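Here is the structure we will look at.
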Number of protein chains: 2
Amino acid sequence: MFMKMELLPAKTVERLSEYRRTLINCLKEGKEFIYSHELARLHHKTAVQVRRDIMLMGFSGIQRKGYRVKEMIDAIGKILDCKNGQNVAIVGIGHLGTAILQYFTGKRPKLKMTALFDVDKNKTGREINGIPCYHVDEIPEIVEDKNIEIGIITVPPEYAKETAERLISAGISGILNLTTIPLNVPEDVYLEEYDMITSLEKVAYFSRVLKK
Amino acid sequence: MFMKMELLPAKTVERLSEYRRTLINCLKEGKEFIYSHELARLHHKTAVQVRRDIMLMGFSGIQRKGYRVKEMIDAIGKILDCKNGQNVAIVGIGHLGTAILQYFTGKRPKLKMTALFDVDKNKTGREINGIPCYHVDEIPEIVEDKNIEIGIITVPPEYAKETAERLISAGISGILNLTTIPLNVPEDVYLEEYDMITSLEKVAYFSRVLKK
DNA sequence: ATCTTTTTGTTTAATAATTAACGAATTAAT
DNA sequence: ATTAATTCGTTAATTATTAAACAAAAAGAT
């Protein structure tokens, strides 16, 4: 048996994730089929792009009827989700870390929030939102023992670098860096960075410059 | 006198914002000059791209010496910052809103955090981190009176749509939407959306698929 | 002084991403 | 039945973004 498993473009992966969330909402509302142009409209995209993304992941719709919502959710799951799940940890349980934690609970069963890390004695040694919180010094053991693959860094900027180093030497394979400090990681670690200040400055720039 | 003021590519604007943050750190460390390849390295970019971005904003370095850090910070400021500043509001002072608020204080003088909005009576009617917090029902008056141009939406997803509508009808010109719900805005409002779950799913996908 | 090295600034080429174009299929209407 | 209208799937064209290439300038070495 032959399994096609090419690498999808990063942009397509992002959009599939976004589509899925919308599709889950559609399903809740009892919608059985959805057209490419409907999905496009909901995401400020073109219908062609939606169809192309769907094509790239190897899924098919029905001419004149659109895509079966339930099946498409499963198809996206086949792409984005790891069969046996992937374990996730958050380092830095301040407001941002807590926001993600809350955001997260119960949403993505294949991404298992497995451990939290902080330095604050009031947070460590207990569960927060049902997830055990450890001291950052325990990163090596816990990451290895619990087979944590993905780390989210939400520590204060001055600790970003050493946090990344700890996660990396503990054997993490992906990092989402939400601090303002760009990180360096070895080739075999996938790094995604996002900075809200940059987004905000972009909004400031374009909202100012684009208006006539 | 002739002022060149073309629209920069979105990607360049993002990078300029990122460069500036790094440059500010360099300045603090007493660094007077920086080479394009140094800046590139710090941001996982190529030196060519850095030079190109700098060129696009009309700034120049010194051959063999690099770019004068202080001047470049100012040059980026001329592009990204509005001379008289732009007023910003956050709607939804939960963990995410609070994280942004903290993140923000004292960092960008040209983006003035002017008002916060929430529905919780414990938060409204007082200052949080030195910024007055109002009930969301007051959005129309406050946005207009205080000339707020940019709104950050960090409310629970089910309120995202109506929050956006309120901000828009109050005359906002840019929105940063950090909820999971994609929004629709009229043409004259600039919209930027970011979803952490999508970032995380991207990390999950690529960290899994790229490893050999 | 001349040569070598380094680094900027800019043009040209390559790559990636998006959009357009259009055939094939399906449904509904006449 | 035939026709008209949609909508998918895919290839081709376009546009945007990134990288390569290289001349010019400056500094340092010989």
Side-chain angles (χ1 to χ4, degrees), chain A residues 4 6-19 23 26 31-72 75-76 79 182 192-193 198 202 205-206 209-210, chain B residues 4 6-19 23 26 31-72 75-76 79 193 198 202 205-206 209-210:
Chain A
K4 161 183 151 183
E6 285 182 76
L7 194 63
L8 293 171
K11 291 286 176 66
T12 295
V13 171
E14 284 177 26
R15 285 189 296 260
L16 290 177
S17 162
E18 289 160 9
Y19 298 158
L23 291 169
C26 289
K31 197 170 171 67
E32 204 178 339
F33 285 91
I34 191 164
Y35 293 126
S36 58
H37 65 258
E38 291 178 295
L39 201 45
R41 185 158 230 293
L42 292 166
H43 289 275
H44 327 304
K45 301 276 147 51
T46 66
V48 188
Q49 187 163 65
V50 169
R51 293 205 302 274
R52 205 170 195 292
D53 288 332
I54 293 171
M55 183 191 81
L56 287 176
M57 74 166 173
F59 183 68
S60 283
I62 299 168
Q63 294 254 11
R64 278 271 326 201
K65 292 194 80 176
Y67 301 89
R68 214 177 281 273
V69 173
K70 179 77 183 60
E71 284 182 14
M72 188 161 155
I76 296 175
I79 300 287
E192 177 80 14
E193 307 197 301
T198 289
K202 195 175 159 194
Y205 176 80
F206 284 109
V209 171
L210 287 179
Chain B
K4 161 182 151 184
E6 285 182 77
L7 193 64
L8 293 171
K11 290 286 174 67
T12 295
V13 171
E14 284 177 27
R15 284 189 297 261
L16 289 177
S17 161
E18 289 160 7
Y19 298 157
L23 291 169
C26 289
K31 197 170 170 67
E32 204 178 339
F33 286 90
I34 192 164
Y35 294 126
S36 58
H37 65 258
E38 291 179 297
L39 201 45
R41 184 159 229 294
L42 292 167
H43 289 275
H44 327 304
K45 300 277 146 53
T46 66
V48 187
Q49 186 163 66
V50 170
R51 293 206 301 276
R52 203 171 197 291
D53 288 333
I54 293 171
M55 181 190 84
L56 287 176
M57 75 166 172
F59 183 67
S60 283
I62 299 168
Q63 295 252 12
R64 277 279 312 209
K65 294 195 77 176
Y67 301 88
R68 213 177 281 273
V69 173
K70 178 76 183 61
E71 284 182 13
M72 188 162 154
I76 295 175
I79 300 287
E193 307 198 301
T198 290
K202 196 176 159 192
Y205 175 80
F206 283 108
V209 172
L210 287 180

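All chains are named by letter (A, B, ...) in the order of the sequence lines, taking the proteins before the strands, and each is independently numbered beginning at 1. Remember, predicted model here, so these are calculated numbers, not experimental data.
- Residues B:Arg15 and B:Lys45 are in side-chain contact: their nearest non-hydrogen atoms beyond the backbone lie under 4.5 Å apart.
- B:Ile62 places a side-chain heavy atom less than 4.5 Å from the side chain of B:Arg68.
- The side chain of A:Ser36 contributes no N or O atom lying less than 4.0 Å from OP1 or OP2 of D:dT7.
- The OH-P distance, from A:Tyr67 to D:dT7, rounds to 12 Å in whole Å.
- Distance from the side chain of B:Lys11 is smallest for D:dT18 among the nucleotides D:dT18, D:dT7, C:dT18.
- Nearer to the 5' terminus of DNA chain C, by closest-nucleotide assignment, is the contact made by B:His37 (compared with the other of B:Arg52 and B:His37).
- Judged purely by atom type and a 3.5 angstrom limit, A:Tyr19 has no side-chain atom pairing as donor or acceptor with the backbone of A:Met72.
- When all heavy atoms of B:Ala10 and A:Phe206 are compared, the closest pair comes out as CA-CZ, 3.6 Å.
- Atom CG of A:Leu56 and atom P of D:dG9 are 12 Å apart (whole Å).
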Footprint string (nucleotides 22-28 of chain C, 5' to 3'): B base within contact, S backbone only, - free, heavy atoms under 4.0 Å: --BBBB-
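- Rounded to whole Å, atom P of D:dA19 lies 9 Å from atom NZ of B:Lys45.
- In this structure, A:Thr12 reaches neither bases nor backbone, as no heavy-atom distance under 4.0 Å exists between it and the strands shown.
- Rounded to whole angstrom, the span from the CG atom of A:Asp53 across to the P atom of D:dT10 amounts to 14 Å.
- The CD atom of A:Gln49 sits 13 Å away from the C1' atom of D:dT15 (whole-angstrom rounding).
- Under a 3.5 Å cut-off, the side chain of B:Glu38 and the backbone N or O of B:Tyr35 do form a donor-acceptor pair.
- Spacing between atom CE of B:Met55 and atom C1' of D:dT18 amounts to 13 Å, rounded to whole angstrom units.
- Contact annotation: B:Thr46 side-chain N/O to D:dA19 OP1/OP2 distance is under 4.0 Å.
- Residues A:Leu16 and B:Tyr205 fail the side-chain proximity criterion, which asks for heavy atoms closer than 4.5 Å.
- Rounding to whole angstrom units, NE2 of residue A:His43 and C1' of C:dT18 are separated by 17 Å.
- Taking atom CG of residue A:Leu8 and atom P of nucleotide C:dA17, one finds them 12 Å apart after rounding to whole Å.
- With contacts defined as side-chain heavy-atom distances shorter than 4.5 Å, the pair A:Leu8/A:Asp53 does not qualify.
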